Amino acid sequence: VSQRRGLAGLRCDPDYLRGALGRLKVAQVILALIAFICIETIMACSPCEGLYFFEFVSCSAFVVTGVLLIMFSLNLHMRIPQINWNLTDLVNTGLSAFLFFIASIVLAALNHRAGAEIAAVIFGFLATAAYAVNTFLAVQKWRVSVRQQSTNDYIRARTESRDVDSRPEIQRLDTFSYSTNVTVRKKSPTNPLSLNHWQLA
C-alpha cells in the first residue's frame, strides 16, 4: 500500500524549517540564488575565469542545497535509510563553504568594480558564513548520531548475550549437537577387506 501511494503521503515538516538547520538551509538557497543572479547579469568580462568559477560554485550550491532542503523538509530522507544523510549534509556544507570562500576571493581580486560583481562578492561571503555555521552544526549532529549508533550496537549485543544466558535449552541443544558430531566423527570407517570380499563374490 505504501508503494502504491508514491508521493501522495508527503507532508512538510514545520519543525525542521523552524529549527536552526532548516533556517540555515533556506538562507543558503536564497543567498546562492541571489549570487548566481548577480553574476549572470554581467555581460562582459576580461579575464572571465573568476566569473565562470563563481558562477559554477553558486549554481552547484543552489541546486544541491535545494535538493537537500526538499529532502529534509518533506522527510524524504527517511525513505532512503541506506544513505547517511548527516554525513551527506556535512560534506555538502563544508565543501560549499570552502568553494564559496575561494570563489569570492578570486572574484574580488579580478573584479572590474562593477555593481553586479560587488554584489556577487558580498552575497558570496554571506553564503560562506551561512555554510560555515551549518558545517559546525552538522559536525555536532554527525558526532551525536555516531555515538548513538555505537550505543545502540552495544545495547543490542548485550541484549542478545543475556537472551542466550537466560535460555539454558539453547546451551543444552548446542552441547547435544556438539557431542553428536564428535560421536559421528569417532565412528570407525568401513573395513576395506569386506568391500574387497563383496567385489570378488
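The first residue of the sequence shown is numbered 1, and numbering continues consecutively from there. Predicted model, so just to flag it, every value in this text is computed and none were measured.
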Exercise. Who passes side chain to side chain donor-acceptor pair (under 3.5 Å) against S104, sequence neighbours left out?
Worked result: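 Expected list: none.
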For this session: Please tell me if the side chains of I39 and L107 come closer than 4.5 Å, counting only heavy atoms from C-beta onward.
Result: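 Yes, close enough: below the 4.5 Å cut-off.
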Tabulate below the donor-acceptor pairs under 3.5 Å that side-chain atoms of residues 61-73 make, not counting sequence neighbours, or state none.
residue, atom, partner, partner atom, Å
T65, OG1, A61, O, 2.7
T65, OG1, Y131, OH, 2.6
S73, OG, L69, O, 2.7
S73, OG, I70, O, 3.3

Given the rule that I, L, V, M, F, W and Y join up when any side-chain heavy atoms are under 4.5 Å apart, are [X] and [Y] in one cluster?
X	Y	result
F125	V29	no
V144	V139	no
F53	I118	no
V26	L76	yes
L74	W85	yes

Can you name the side chain to side chain contact (heavy atoms under 4.5 Å, CB included) partners of [X], sequence neighbours left out?
X	answer
L95	L99
A116	T41, I42
L126	L31, I122, F123

Return each pair, listed once, that meets salt bridge (charged side-chain N to carboxylate O under 4.0 Å, His left out) where at least one residue sits in [range]; pairs must be two or more places apart or across chains.
range	value
residues 57-70	none
residues 116-143	none
residues 19-28	K25-D89

For this session: Measure across T135 and A97 and return the closest heavy-atom pair with its distance rounded to 0.1 Å.
Result: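 Answer, listing the atom of T135 first, then A97: OG1-CB, 4.5 Å.
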Exercise. Which atoms form the tightest heavy-atom contact between V57 and A103, and what is the distance?
Worked result: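 Nearest pair, atom of V57 first, then A103: CG2-CB, 4.2 Å.
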Exercise. What do you reckon, is CZ of F101 surrounded by more than 12 foreign heavy atoms closer than 6.0 Å?
Worked result: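 Open: at most 12 neighbouring heavy atoms sit under 6.0 Å from CZ of F101.
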Exercise. Is F98 atom CZ crowded by more than 12 heavy atoms from other residues, nucleotides or ligands, each under 6.0 Å away?
Worked result: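 Open.
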Problem set entry | Under the disulfide bond (SG atoms under 2.5 Å apart) test, residues paired with C59 that sit two or more places apart |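 Partners of C59 under the disulfide bond (SG atoms under 2.5 Å apart) test: none.
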Interatomic distance, [X] atom [atom1] to [Y] atom [atom2] [nearest 0.5 angstrom]:
X	Y	atom1	atom2	result
S58	I37	OG	CD1	10.0 Å
N134	L24	CG	CG	5.0 Å
L90	Q140	CG	CD	11.5 Å
F54	C38	CZ	SG	8.0 Å

Problem set entry | Stepwise side-chain contact (heavy atoms from CB on, under 4.5 Å) check, Y16 with L21 | CA-CA 7 Å; Y16 175 79; L21 293 176; 4.2 Å; yes
Problem set entry | Of all pairs that satisfy side-chain hydrogen bond (donor to acceptor under 3.5 Å, both in side chains), the ones with a partner from residues 48-57, not counting sequence neighbours |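 Sorted pair list comes back empty.
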Exercise. Pairs in or reaching into residues 17-48: which pass ring-ring contact (aromatic ring centres under 6.0 Å, His included), with residues at least two apart or in two chains?
Worked result: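 Residue pairs passing ring-ring contact (aromatic ring centres under 6.0 Å, His included), neighbours aside: none found.
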